[in-house]
Structure formats: C-alpha cells, structure tokens
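Contents: one structure, followed by commentary.
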2 protein chains.
Amino acid sequence: MVPPARPTLEAVAQRAGVSRATVSRVVNGSPRVAEEIQRRVRRAVEELGYVPNQAARSLVTQRTGSIALVFSEEANRVFSDDQVFPGIIRGVSQELEAADRQLVLMMAHSPAGHERIQRYATGGHVDGVLIASMHGVEPLPATLQRRGIPVVCGGRSLDRANRSPYVDVDHAGGVGAAVRRLLDTGRRRIATIAGPQDMVAGIDRLAAYRAALRDSDRRSIVAVGDFTRDSGVVAMRQLLADDPDLDAVFVASDLMAHGALRTLRDAGRRVPDDVAVIGFDDIELARFTEPPLTTVRQPVLDIGRRMAGQVLRIIDGQTVEPALVLDTELVVRQSG
Amino acid sequence: MVPPARPTLEAVAQRAGVSRATVSRVVNGSPRVAEEIQRRVRRAVEELGYVPNQAARSLVTQRTGSIALVFSEEANRVFSDDQVFPGIIRGVSQELEAADRQLVLMMAHSPAGHERIQRYATGGHVDGVLIASMHGVEPLPATLQRRGIPVVCGGRSLDRANRSPYVDVDHAGGVGAAVRRLLDTGRRRIATIAGPQDMVAGIDRLAAYRAALRDSDRRSIVAVGDFTRDSGVVAMRQLLADDPDLDAVFVASDLMAHGALRTLRDAGRRVPDDVAVIGFDDIELARFTEPPLTTVRQPVLDIGRRMAGQVLRIIDGQTVEPALVLDTELVVRQSG
DNA sequence: GTGAAAGCGCTAACAG
DNA sequence: CTGTTAGCGCTTTCAC
C-alpha cells in the first residue's frame, strides 16, 4: 500500500479556499485572522489530517522545538538501577513539557557516539543541549557552545575551556554531614568507597571525605569504585583487607553501598553493629536493602528541572547564572 | 556574542571553487568525483567547519536518519530499577548504531504526551517508530501506520486494529517452566503475583500460570501488582492474608519479587524453606536479593535488536515477519 | 485582514 | 565528471 502522501499547506489552502499564508497564520495561532476564515481553515486541517512538516518549518524558523539531553555514558550505566539518571530525566521532562518542547534523549559512550551527537546537534536537530554524566575532560560542551548552540551541563565540567553554565549539588555539604555523623556516633576507623575519579561527583565526594577527616584524628582509608554495584562489592573487599578493624564506611553512591553490604554480610560483619554504612543518592533501593541505608539525598528532580530551565532561558536570549548548586540532606535509616 | 552563522553548502562551494552540487556529492560520498576536487572540497569543509543542515536535507530527501523509541509509560517507570527497559534500549541502540541511525528516545505517559509523540513522528522528525510498554488499547501504532510511518511494537498489541509487526518473548514457556519447577519440588499451595492486567506481559503471564496449574490439582491464588516493587510488597501481604499456608509464589517480575521478599521476611517466613519464590526478568538485582532470586530470564537485548532490525527492514521496503517470539529460560538460584 | 512572492539550505535530475 | 536548474514545504515581509 502506498503511503498516503501527507497533505501540505497548499492542499489545506486550496480546500479552504484561502492562501497558504493564511493557513500558516491560523496553524501558528496568529491573532489577526477573521473568525470565519479560521473556522474554514481549521475544518480543512481536520478533514485532511494535516500536520506541518517540521523540516520545512525549521528550515525557515531556525527552530526545532526540541531539546536534547545527552548522557555521556553507556546505556547500561544510564539505565542501571541507579535512580539518579531517571530523576534528572524526569525533571527535565517536566520542565520541557510545560514549555511545550520535545525532549530528545541521547547516549554517547564512545568517541564515535560523541561525534554523532555533535553532528546531530550542529545539524540543527535541536535548539539546545543538556549534558550530564560527564567523564574526564569532555570536549562536547565547549564544541557545541562554540557553534552557538545553547548548552547546560549537569555537574561542574572538568574542561577548563568549557564556559557553559552548570547545575550541581552540594557534594561537600552532604558528605560532610555523613562523615560527621559517623564521627559523632563514635566510629574510629572510617573508610570510604569513592566514585570514579574522572567524574566530578566522584572527585568532589572523595575530596569532601578527606576534608571532613582532616579535622579529626582519623586517617583516611580509600578504595575506588565506578558507581556500579559490582564495584562496590570489590571495593569493600579491598577495604576489609586493608583494614580489618574498620568500623564505618562512607560510600559515594547507594548502588555501590548495596554491593558493599553484600560483601560485609559475606564477611560476617553486622551492619551497623560492627560496621556503619552511609551511602549517597537516596535511590529507591535504599529503603529496601538489609538493613535500610542511611544516605545523603540529592534533589535529582530539581537538577533536571533547573538544567531545562537554564537552556530555555539561554534560548530566549536571557542571561543565566553560571552555576547553580543545590542542597543535599542526610537521611538517617538503620545502616549507620 | 553573536552565534557564528553556520556555513552553508554555498559557502563551501565558493571556497573550494566548485558548484554546490559537487560539494553535496562529496559530502554524501558519491563515488563519481575527481580525487583532486574531493580533496579541495574536504579541505574547505574542514576549514569552515561545515555541517549539513538536517532540516534542509530531509526536506528534500524525506529522510531524517533517526528512529524513535517510545515508551508508553511514565519516566519513573521506564527508569525505575527495572532493567527490562534498559535492556531493550541497549539492544535498539546497538542495532541502530550499526546502521548509522540516530536513536531518539521518548516517553508518553499522558494522552497529551501521546498527542505530542504523534505530531513529532507525523511531522517527519523520524523515519520509523518503535513502541514499547503499551497499556491497554494503544491507538498510537495504528494511527502512525495509517499515516504511512513504519512501526514496530514491543509486545503483542491489545489493539485489534493494529497490524504492525511486533517482537515479544515466550511468556507461556517461561512461566510454565517456573510453575513446573515449583510443582516438581513438591510445593502444594502455589500463589502468583500478577502484573498489571492492561499489559500483555501481565495478562499472558497470569494466563500461563493458570494454565500450568490447571494440569495439576492445585488451585490458583492470585494477587495483582503493577510491576513496581511497592506493589509487590502489598500483593504479598494480600496473598499471605488470603492463604497463610501458601508455600510458593510465582511473581511476574523480579522487582515485585523483591518487594515480596521483604514482606515475607517481615512476616517471619523463610525463603525458600517456608515459601519458594520465583520471579521473572532476571534483572541484575536478582543476584543481590536475600536470598538470590530464581527467575525466568528473557532476552531483553534481543528484543531491542529485533525491533530495530524490523523497522529498518520496513523502511527499506522489505517485508517482515508479523510476529517474532523469543525464547525464555529458567535460571535457578536459591529462592525457589 | 489577506495574498503574492521570496527564500530558508539542500538534493537530484538533466545537460553538457 | 561537473554545473545548472528546479523544487522540497513552510514562514514572512510587503503590498493591497
């Protein structure tokens, strides 16, 4: 069956007995069109099932109505059971929906992926780009911005050349509260499982842990993971080997904390009696671990909302804060 | 700062001292261009940082190079820690990447969302659409197909009017194996926590459970959830109230099974000694529950791959199987 | 208030 | 092998 040729403006105009310009005005809601004609046009649109061709439209308007959210990450990380990404996506989604913009989600794990995203954005598929979960020095934000494409980053960028605004959370505040609690409850050997050291979240949380211990007489005990559950399992084993007497561990993400819990159980340590565990993120899972996880909550939904808000503002030619830092909060449950 | 006006074909042509057509040929990799000229053009492209305007291109080619994957679902369901969606996304991703197509992800939970997706697709933003996680009678597939847009569904559609091809898994086979195992290990009162009854996965798995019990002398004991963890908690409580003596439960998703495990523990039941539990999906979490979950594995990656493969084939004008049903497999761990 | 006409940036015949 | 030409479907001045 032949795909039914989609009706064009022309077709609608003919049917309604008006010019293309008039149809265009009605479709785009211009106020200066006579009631009577509006009705005629709308009816024709209805009958023909007319839908504007976006390519043609954005060729002249230079606008697409969609915004890309790109995760510089493998799909299985973005969609691991780490609720952080989803939260951001939902926040962006909400904000964009309210602004009647379409969200376009993309992932770029490989250099080739980055290349394609860049072509996609530079090719004019979207009006703006949100970039999250960056690793190391990501050239993408700076590149896009140089091309005149509005960009907002999720998390401070490691690329000094990147001058695009970003939205981040107060890692230092959250980690500080966590470590302070461990200190206050009398823990003496406080270790940490850090996140990947090519990501701001990993770097900043480790730095904050170190800073918090510096003020006490405790020494730091560090293992590095990559925010996955399996890496938490492995890191916890290392920690136990390094210092069998440790009695607390701050874990830079709940997912890694879940892995650590498993290792501790396997090693016969009771949580929190023998070892206190505090995570970071407050994902849904944290309420279902054994025991439920004390953790640092970050407002992921807000991160998304704010990011979307910022691009929208840039697109509208308004100025924006170069950095937005959102609060975190310690949520105490049974594990520490 | 003024956004640096993006160079056009014209600009490149001028710089290289050739016509627009020639530049177009080089950019699109047409073979019939002299080496020498190719070099000149490429250099000009490089120097100017030229990137083709997609709107202009697809206006004439009627192609966009991107494929939409839409989840008829709220974002927090798609990105819950249910690894099923991610698996599909990764599969689609892989296949599309290989075909040099761009994946565009979309979510549509509300009628308004559906409307927007429809406009987006009908407006010519994408060459084809994959639809997954459908609830009830989704009109979207049929509507798009009527518009001549290639569509492939993930899971059989409940809409009789929908004639688009689909990819699904063998629910009956998987559930059958699970219930049979429960029977073979001597369980006498085998309950089930079913998935939502407006989704094929929910419906088919419940039907398969019933069919499997029909051949034995056991009666069916049913509670219905919605694939979320919390609903698993609640459903398990109902089941326990209905029949305190039940000694096995087949749960239609691992996430619900996780919730059920929590309820069983709270109720003082030992798993699998008192109650055997078998889930469905085999998400990563299944290896980390207490005890690890026996479950039915479905090849989510393949679902995605096949879906993508199918649209690509339709777009190329080839014929496709109306239905592809993939195998499932029982994975035995400690819980049942 | 409405129509005519120009043109967004590109590809695809068709000549040469 | 390369250039010329004609649109793709739409928005937007500019007249009327």
Side-chain angles (χ1 to χ4, degrees), chain A residues 3-42 44-45 48-65 119-125 127 147-148, chain B residues 3-42 44-45 48-65 119-125 127 147-148:
Chain A
R6 284 175 19 210
T8 68
L9 249 201
E10 181 67 49
V12 178
Q14 229 153 53
R15 179 158 198 124
V18 296
S19 74
R20 267 153 52 201
T22 299
V23 178
S24 174
R25 287 188 189 104
V26 173
V27 170
N28 292 294
S30 163
R32 333 170 147 279
V33 178
E35 282 280 326
E36 159 65 20
I37 295 208
Q38 288 205 28
R39 264 195 301 279
R40 281 224 308 270
V41 172
R42 271 189 229 294
V45 166
L48 264 38
Y50 169 74
V51 177
N53 178 320
Q54 283 301 334
R57 180 176 270 178
S58 59
L59 182 55
V60 32
T61 58
Q62 307 277 31
R63 283 271 189 122
T64 67
R119 279 210 317 267
Y120 190 85
T122 314
H125 273 290
D127 298 334
R147 295 267 180 183
Chain B
R6 283 173 22 208
T8 69
L9 250 202
E10 181 67 49
V12 178
Q14 230 154 52
R15 178 158 198 125
V18 297
S19 75
R20 266 154 49 202
T22 300
V23 177
S24 174
R25 287 188 191 104
V26 173
V27 170
N28 292 295
S30 163
R32 333 169 147 281
V33 178
E35 282 280 327
E36 161 65 19
I37 295 210
Q38 287 206 27
R39 264 196 301 280
R40 280 225 308 270
V41 171
R42 274 189 227 294
V45 166
L48 264 38
Y50 169 75
V51 177
N53 178 322
Q54 283 302 333
R57 180 177 271 179
S58 59
L59 182 55
V60 31
T61 57
Q62 307 277 32
R63 283 270 189 123
T64 67
R119 279 210 317 267
Y120 190 85
T122 315
H125 273 290
D127 299 333
R147 296 267 181 181

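A, B, ... follow the sequence lines: proteins, then strands. Residue 1 opens every chain. Please read all numbers here as calculations on a predicted model, not as lab measurements.
Per the geometry, CD1 belonging to I37(A) stands 4 Å off P belonging to dT2(C), to the nearest Å. Distance CG (L9(B)) to P (dC8(C)): 13 Å, rounded to an integer number of Å. Rounded to whole Å, atom C1' of dC8(C) lies 11 Å from atom CZ of R20(B). Taking atom CG of N53(A) as the reference point, atom P of dT11(D) lies 10 Å away to the nearest angstrom. Atom CZ of R40(B) is separated from atom C1' of dG3(D) by 14 Å (rounded to the nearest Å). The CZ atom of R32(A) sits 15 Å away from the P atom of dC14(D) (whole-angstrom rounding). Atom CD of Q14(A) and atom P of dC10(D) are 13 Å apart (whole Å). One atom, CD of Q62(A), and another, P of dG9(D), lie 19 Å apart when rounded to the nearest Å.
Atom CZ of R25(A) is separated from atom CD1 of I37(A) by 10.0 Å, given to the nearest 0.5 angstrom.
Closest contact between the side chain of S19(B) and the listed nucleotides dT11(D), dT4(D), dT2(C) involves dT4(D).
With a 4.5 Å cut-off on side-chain heavy atoms, R57(B) and V27(B) count as touching. At a threshold of 4.5 Å between non-hydrogen side-chain atoms, the residues R147(B) and V51(A) count as touching.
Remark on DNA chain D: of its neighbouring residues A21(A) and L59(A), the 5'-side contact belongs to L59(A), judged by nearest-heavy-atom nucleotide. Heavy-atom distances to DNA chain D give each of A56(B) and V18(B) a nearest nucleotide, and the one nearer the 5′ end belongs to V18(B).
For T8(B), no side-chain nitrogen or oxygen approaches OP1 or OP2 of dG9(C) to under 4.0 Å. Between S24(A) and dC10(D) there is no side-chain polar atom (N or O) within less than 4.0 angstrom of OP1 or OP2. Between N28(B) and dT11(C) there is a side-chain N or O to OP1 or OP2 distance below 4.0 Å. Residue T22(A) places at least one side-chain N or O under 4.0 Å from the OP1 or OP2 atom of dG3(C).
Counting distance only, with no hydrogens placed and no angle test, the side-chain atoms of R6(A) and the base atoms of dG9(D) include no donor-acceptor pair under 3.5 Å.
Using modelled atom types and a 3.5 Å distance limit, the side chains of T22(A) and S19(A) yield a donor-acceptor pair.
Of the options R42(B), R40(B), R39(B), a side chain to side chain contact (heavy atoms under 4.5 Å, CB included) to V26(B) is made by R42(B) and by none of the others.
A34(A) comes within 4.0 angstrom of sugar-phosphate atoms only, judged by non-hydrogen atoms across all strands, and of no base.
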